[in-house]
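All residue numbers refer to positions in the sequence shown, counting from 1. Heavy-atom basis, side chains included; hydrogens, waters and symmetry copies ignored.
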Amino acid sequence: MFEKVLTKNKKVIIMNNEHTFVCILRRGVVMITNLHIKNIGIIEDLEINLNKGMNVLTGETGAGKTLIIDSINIICGGRFSKEMIRKGENHSFVEMCIYAPGDINSIEGNIIISREIYSNGRNMCKINGRLITVSELKNFMSNYIELHGQNDNQQLLDNRTHIKYLDNFVGEQIQRLKIEYKSKYTRYNEIKRELRENYGDEKEKQRKLDLLKYQLSEIENAKLKSGEEEKLNEKRKIIMNVEKIAKSITEADETMGEATIDTINIAIRALEKIEEIDSKYKETVEALKNVYYEIQEISRDISSYKEDIEFDEQEREEIETRLDTIYELKRKYGNNVEEILSYQQEIREEIEKIENVEEHNNKLKKEQQEIEKEMTEIAKKINQIRSEYAIQLNTKINKELVELEMKNAKVNVKVEYQQNEFFENGKDIVEIYIKTNIGENENQLVKIASGGEMSRIMLAIKKVLSETDKIPILIFDEIDTGISGKAAKAVADKLKMISKAHQVLCISHLAAIAATADNNYFISKNVENDRTSTKVKLLDEQEVLKEIARISSGEINEITLQYANELRNQKVS
């Protein structure tokens, strides 16, 4: 559990058994105030105190900048691979303090989120000390942080995501209609599924009926009886062994014949003569008499077996044919006769259900038609709103693209209404088209835009959406991919403008972006005791100028420092 102490200078000191860090209270600003990372990649134990506005992380390649973004993704409920755990350790730990506005004299606005992952797969997530699931963590953090990584450009190429951008731009005006539409869409799919299961399609119903009736006829014509297969197998076994049976019974009959019975009878008469002398002789006589009678009975049974022995080829063929029929039915309908007969009853019931389901299906079809009509009416309203806002979105994005040094590019968010289809969000297909140069035809975004253009288009969309976006913290991982020169300065200015209403955290390799930052952090790696670890430092103004100089040319000298100072003075206020 955490212990929290509110100090006079409006800082909250959060302490637990492992470490202490500071959350700075700032009225009206939702922001990450502290990030603590332990045992992820080359990061051994790293703590960053962040501020409002634009925070830029720079440093040499491989220093661990991307690992910091990966760590934020992890604490936002993202996927984690055990290979990310620092070599020689058995767990990784990420902890974050987010300040949400509240009473300035209270610490209720500070949210402590942590996630600890072990090499054996054990995963422990907490919010303010309370255990939660990864799914709950992901849902919670989605209200606070939006992470734009290099993969987001790939998402922009997926036209299925374009409708999300437009609807986010529309905002609340479309939400009520979408909720109403989705409730009907859910019922619409339930009806379609029930009709499929109830053979609502006439061709499907008739096909199923024909199959069931054929199966029922095949089983009924066989006239199976419970226990029949076992009896047939017994008869078949006897017929197949008739010669062996005859020989053995004859031998047994001869052995158990009159000679054996007479021998026992002689023994009885001999002992009867002395049975009065001793009781044991009398008991033996009684026992021998019992054996005598049993052997007589057994002998008669054996003799009768001889009369039953006969070989009938026609009967054998009939048994074989009948067993073949049963085996074929077992292959299709069950493991034994009882299962086949049970399936026969199921078929009868299903045939009856199908033949009498028409009335129920007609009610479902009528309801389906009514829902389709209602969905269409709502979808038309949604389409009208989307079409109107698409024009506004196009204008705003294209204005941003001009400022991002894509003066000849024209984005066109197209809304196409589908007459004969219903989708989860209405009847519209929304796709972003673009024309990058004068005189060219517009085409789908995926077919035209380059990597650098994709980064700027995504930033333009983010800039437009940020005006209505409720997500307070935006994180950009190398948004500057593929750009330089004037475009880089334009991207930097755009990020700065976004940071007026959001806390921005950005990893960059561009001097223009570093120069625009409110807070600059330098990420480095050091080797101590044959182990590499990541370090972070919040730069002062002189250090910022040196870092801008290093990024711009790789060298720090009077000329590069003068250039860095000029860039810094051009920073958008």
Nearest-0.5 Å distance, CD of residue E228 to CG of residue N336: 13.0 Å

S81 side chain to M84 backbone, donor-acceptor under 3.5 Å: no

side-chain contact (heavy atoms from CB on, under 4.5 Å), paired with K126, selected from L137, L131, I112: L131

Donor-acceptor pair, side chain of K427 and main chain of E421, under 3.5 angstrom: yes

Minimum side-chain heavy-atom gap L211-Q215 below 4.5 Å: yes

Short side-chain donor-acceptor distance under 3.5 Å, D70 and T66: no

Polar side-chain atom of S342 near backbone of E338 as donor-acceptor pair, under 3.5 Å: no

Heavy-atom side-chain contact between V430 and K414 under 4.5 Å: no

Polar side-chain atom of N73 near backbone of I69 as donor-acceptor pair, under 3.5 Å: no

Considering all heavy atoms, the nearest E275-Y281 contact: CA-CB, 3.9 Å

Donor-acceptor under 3.5 Å (E339 side chain, N335 main chain): yes

Partner set under side chain to side chain contact (heavy atoms under 4.5 Å, CB included) for L177, not counting sequence neighbours: E180, I378, K381, I382, I385

Residue that, paired with L67, satisfies side-chain contact (heavy atoms from CB on, under 4.5 Å) out of I72, L46, I523, I40: I40

Check: T33 side chain, C97 main-chain N or O, donor-acceptor pair, under 3.5 Å: yes

Parallel, tilted or perpendicular, as decided by the 30° and 60° cut-offs, for the rings of Y185 and Y181: parallel

Carboxylate-amine/guanidinium proximity below 4.0 Å for E328 and R331: yes

Ring centroid separation Y188 to F422 under 6.0 Å: yes

Spacing of I43 atom CD1 and T532 atom OG1 [to the nearest 0.5 Å]: 12.5 Å

Heavy-atom neighbours of K282 NZ exceed 12 at 6.0 Å: no

Among E350, E352, E220, E355, the one residue meeting salt bridge (Lys or Arg N to Asp or Glu O under 4.0 Å) with K213: E355

Ring geometry between H91 and Y118 (parallel below 30°, tilted from 30 to 60°, perpendicular above 60°): parallel

Check ion pair E297-R300 (N to O, under 4.0 angstrom): yes

Inter-residue atom distance K363.NZ - H360.NE2, 0.5 Å rounding: 8.5 Å

Salt bridge (Lys or Arg N to Asp or Glu O under 4.0 Å) partner of K184, chosen from E374, E367, E377: E374

Check: S217 main-chain N/O paired with N221 side-chain donor or acceptor under 3.5 Å: yes

Nearest-0.5 Å distance that lies between atom CE in M141 and atom CG in L147: 10.0 Å

S299 side chain vs I295 backbone, donor-acceptor pair below 3.5 Å: no

Side-chain donor-acceptor contact under 3.5 Å, Q206 with D210: yes

E44 bridged to K87 by N-O distance under 4.0 Å: no

Donor-acceptor contact present, side-chain T534 to main-chain K525, <3.5 Å: no

Atom pair OG/CZ of S71 and R115 - distance to nearest 0.5 Å: 11.0 Å

Interatomic spacing from CD1 in I68 to CD1 in I475 - rounded to 0.5 Å: 11.0 Å

Main-chain N/O of E47 paired with H36 side-chain donor or acceptor, under 3.5 Å: no

Reference residue R236; test salt bridge (Lys or Arg N to Asp or Glu O under 4.0 Å); the match among E320, E230, E229, E318: E320

Donor + acceptor pair across side chains of Q344, Y333 (<3.5 Å): no

